[in-house]
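Everything quoted here is computed from the prediction, not taken from an experiment.
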Amino acid sequence: MIWQWIGLAAFSLTLLPIGLAMAAGRVPARLRARLAPVRGHGWVLFAIYAVAPLNAIPRLAGASPELSLALTAAAGIVAVAGCLMLGLARLATAEKGAP
């Protein structure tokens, strides 16, 4: 149980603020060229962050195993959607840069 608290705190302190800042379009100028669709990358980080609370909070709250399993499956779907969004953002960037 302690590892779930540690994981939730770590993801909340790292991925949540970075993802929200990027989704708002705020990123250092030196990174802007590498993270071409800044807002898209922010939403991807936010989707990856969403896995932590969807997985940890029901377990910490003592929810039934069925509910915990359903929310863990939902977290997996959100993570896959985030990875697909990242792939589509990279593909769109590559197509714009191609002659």
Side-chain angles (χ1 to χ4, degrees):
M1 181 108 42
I2 189 74
W3 291 108
Q4 291 173 342
W5 279 112
I6 292 170
L8 187 60
F11 280 116
S12 295
L13 291 173
T14 57
L15 287 179
L16 181 61
I18 294 168
L20 290 176
M22 288 178 70
R26 298 181 183 265
V27 68
R30 63 187 158 100
L31 292 177
R32 191 166 289 278
R34 290 184 57 203
L35 302 171
V38 174
R39 291 181 191 264
H41 279 87
W43 285 110
V44 168
L45 282 176
F46 189 66
I48 298 299
Y49 163 76
V51 172
L54 280 173
N55 191 17
I57 290 175
R59 296 175 195 276
L60 293 171
S64 68
E66 294 83 13
L67 181 62
S68 294
L69 182 64
L71 288 175
T72 298
I77 291 169
V78 169
V80 168
C83 291
L84 288 174
M85 285 177 15
L86 179 62
L88 290 175
R90 291 288 183 175
L91 183 65
T93 303
E95 287 179 359
K96 284 183 183 176

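- Side-chain heavy atoms closer than 4.5 Å link hydrophobic residues (I, L, V, M, F, W, Y) into clusters, and following such links, even through other members, never connects L45 to V51.
- Here the CD1 atom belonging to I48 is positioned 13.5 Å from the CG atom belonging to L16, to the nearest 0.5 angstrom.
- Note on V44 and M22: same hydrophobic cluster, where clusters join Ile, Leu, Val, Met, Phe, Trp and Tyr whose side-chain heavy atoms are under 4.5 Å apart, directly or indirectly.
- Between F46 and L20 there is a side-chain heavy-atom pair separated by less than 4.5 Å.
- Side-chain contact between Y49 and S12 is present, with at least one heavy-atom pair separated by less than 4.5 Å.
- I6 forms part of a hydrophobic cluster together with I2, W3, judged by ILVMFWY side-chain heavy-atom separations under 4.5 Å.
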Considering only distance and modelled atom types, tabulate donor-acceptor pairs under 3.5 Å from the side chains of residues 64-87, sequence neighbours left out.
unit_1	atom_1	unit_2	atom_2	d
S64	OG	L67	N	3.3
S68	OG	S64	O	3.3
T72	OG1	N55	OD1	3.0
T72	OG1	R59	NH2	3.0
T72	OG1	S68	O	2.8

Inset, instruction - I would like to know whether W5 and L60 meet side-chain contact (heavy atoms from CB on, under 4.5 Å); could you show each step before the answer? - result: CA-CA 8 Å; W5 279 112; L60 293 171; 3.4 Å; yes

